[in-house]
Amino acid sequence: MTNVVEMKGITKAFGANIAVNDVSISLPAGRVRALMGENGAGKSTLMKVLAGVHIPDQGQVLINGAPVTFSNPKQALEAGVSTVFQELSLLPNLTIAENMFLGREIVNRFGVLDRDEMELQTASALSELGLDLNPATLVSELSIAQRQFVEIAHGIKADAYVFVLDEPTAALNAADVEVLNRQITRLKQAGKAIVYISHRMEEIFETCDDVTVMKDGAHVASRSLAELTPEGLIALMVGRELSDLFPARGENPAEVLMSCVDLKLSENAAPVSFDLHAGEILGLAGLEGQGQREIVRSFFGDYAPVSGRVTIGTHTTTLPLAENEGIRTQKALGVGFVPEDRKEEGLLLGLSIRDNIDIGAQSGRSALSVTLKLRKLVAETMEKLKVKATSASAPVASLSGGNQQKVLLGRYLAADMNVLVIEEPTRGVDIGAKAEIYALLRKLADSGKAILVLSRETVELIGLCDRLLVVHDKAIAVEMAGKDATEHAILDAALNT
């Protein structure tokens, strides 16, 4: 088996912190290698060495047997390394075509930018992924899933030897994932080497051939996935089984904190009604695009339903809500919303951890709140959530995905909301951080809060939730207890309603 890439004895330190310590891996042609490990394990740093973002302190990289040295990502791309990082690198103020050819623009014989040719080639690359997008569209106008696919198309267009995909499906629905998998199969058949970084077990076993596990910057094991089970892989990563990730369920839900009554997402949709109780974690399950997201966002004015009512305590609000008032209205009633896209809709990346949590801590407080009290609250929140950072002053953009998610949850913990509505609570979060977030959500529910969760991961909903509502065609098809739910039962309800 021919190795397209060999990384030998790679070491990379940032000050006193050794991010990668003497790691060696090989990437064979025509195979997909999963790179697994908790946040902070060194996966991204190792791949950024391969991508030319970081220069290793020690070690060597070989491509097709020849030693290479990269000073920047452009050199790596020219040498055949295409990387799609979890933190999307597209420039929102440029068009799709301009992003696709950034740094390698096409010019005509007069030296003038040939926009027509760039847009033509971009359209061709996008069509290979099944995307019908206008290449002249500004990236700022795209959804997060569309941006992810443009990133992937960029890498495929480069016709590289090796493709590094970092959480490529984090924002994709089931149909989009199928399109991506077809492209991965095509790349394998063309003899390309692929590195696949993901925290989704089902995805890893469906997509990848081999796996390399890292922990604390070191190489733990490299195996064929045919030799492993999901439980065995988790044990390699964190030393615990899949069943140990989820805390015990709640026992006796108390009073109703939130009611959705006769919510109609469209004229022809059946009305949606349900109650959310104190001490309960309620999940919305079902196939992608059936209305789960619209139900959730109707409560905050981000989606305009035909009609409906939402009651918080004794206060009833008629839907739809004004887009600019929905979040404030519900926040004043003690309802917090944690959006799926923490970077675009949730966190203020340019500010510190303290500032991001303070936004929640100051909810309902006077402008004369004592700064020291706020600092103490932020420190306590970080401790409860086990946020890994040098200090509360650290920029939130510098944190790992799991720690960013904890900070976003910490905002609402500090604000002491009675109801939390959460989209994708562990999107892009490693196994260890997932377990910590699950424990936090259960602790909040046990303290009398009510939590409504939307997730693409069925196993997550089954393990975490006390009760599940299976959504089909913008309506609730089936209600089931979490303890009785199975993936088969949920899929059967979603497909056969």
Side-chain angles (χ1 to χ4, degrees), residues 13-19 37-45 48 85-87 199 216-217 327-328 331 334-418 420-445 447 449 451:
F14 300 94
N17 176 37
I18 300 177
E38 298 184 78
N39 287 335
K43 310 183 300 294
S44 292
T45 300
K48 285 179 179 178
F85 291 117
Q86 183 179 354
E87 297 81 9
H199 297 302
D216 297 328
I327 293 287
R328 290 193 185 94
K331 193 172 183 180
V335 181
F337 175 50
V338 182
E340 172 186 357
D341 188 353
R342 57 179 172 261
K343 295 189 176 183
E344 291 290 330
E345 298 180 293
L347 296 169
L348 301 173
L349 296 177
L351 299 183
S352 67
I353 297 170
R354 178 182 296 112
D355 290 335
N356 272 275
I357 294 178
D358 272 355
I359 293 169
Q362 295 184 62
S363 259
R365 296 173 182 259
S366 73
L368 298 177
S369 292
V370 180
T371 300
L372 288 177
K373 287 185 178 180
L374 285 175
R375 292 197 173 196
K376 181 180 178 182
L377 181 59
V378 170
E380 290 173 350
T381 301
M382 290 179 65
E383 184 177 355
K384 286 179 183 176
L385 295 173
K386 300 179 182 177
V387 175
K388 296 176 183 177
T390 53
S391 74
S393 300
V396 78
S398 69
L399 303 181
S400 67
N403 283 300
Q404 287 183 354
Q405 189 72 1
K406 290 178 186 178
V407 170
L408 187 55
L409 289 169
R411 176 185 300 168
Y412 298 100
L413 181 64
D416 196 27
M417 296 289 172
N418 291 321
L420 271 183
V421 179
I422 308 175
E423 292 181 335
E424 304 297 333
T426 61
R427 175 178 171 244
V429 170
D430 69 57
I431 292 293
K434 281 186 178 186
E436 292 176 350
I437 289 173
Y438 298 150
L440 167 69
L441 296 180
R442 177 53 62 189
K443 188 174 181 179
L444 287 174
S447 72
K449 312 296 186 186
I451 300 171

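Position 1 is the first residue of the sequence, and the numbers go up from there. Here the structure is a predicted model, which is why all the values come from computation and not from measurement.
No donor-acceptor distance shorter than 3.5 angstrom exists from the side chain of E345 to the backbone of E340, with no hydrogens or angles considered.
Atoms OG1 and CG, from T426 and L409 in turn, are 10.0 Å apart once rounded to the nearest 0.5 Å. In this structure, CG on N356 lies 5.0 Å from CG on L348, to the nearest 0.5 angstrom. Considering CG of L413 and NZ of K406, their distance stands at 13.0 Å, rounded to 0.5 Å. Q405 CD to L399 CG: the interatomic distance, rounded to the nearest 0.5 Å, is 12.0 Å. Here the straight-line distance linking atom CD1 of I353 with atom OG1 of T381 works out to 11.5 Å at 0.5 Å rounding. Rounding to the nearest 0.5 Å places CD of Q404 at 6.0 Å from CG of L347.
Closest heavy-atom contact between R354 and S393: NH1-OG, 3.2 Å. Closest of all the heavy-atom pairs between F337 and Y412 is O-OH, 2.8 Å. For the pair V378 and I357, the tightest heavy-atom approach, listed with the atom from each and the gap, is CG2-CG2, 4.0 Å.
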For this session: Please step through side chain to side chain contact (heavy atoms under 4.5 Å, CB included) for the pair M417 and K331, ending with a clear verdict.
Result: CA-CA 8 Å; M417 296 289 172; K331 193 172 183 180; 3.3 Å; yes
For this session: Could you walk me through whether N418 and K449 pass side chain to side chain contact (heavy atoms under 4.5 Å, CB included), step by step?
Result: CA-CA 5 Å; N418 291 321; K449 312 296 186 186; 3.9 Å; yes
For this session: Would you check, one step at a time, whether the test side chain to side chain contact (heavy atoms under 4.5 Å, CB included) holds for F14 with T45?
Result: CA-CA 10 Å; F14 300 94; T45 300; 3.9 Å; yes
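In this structure, R411 does not pair ionically with D355, as no charged nitrogen and carboxylate oxygen lie closer than 4.0 Å.
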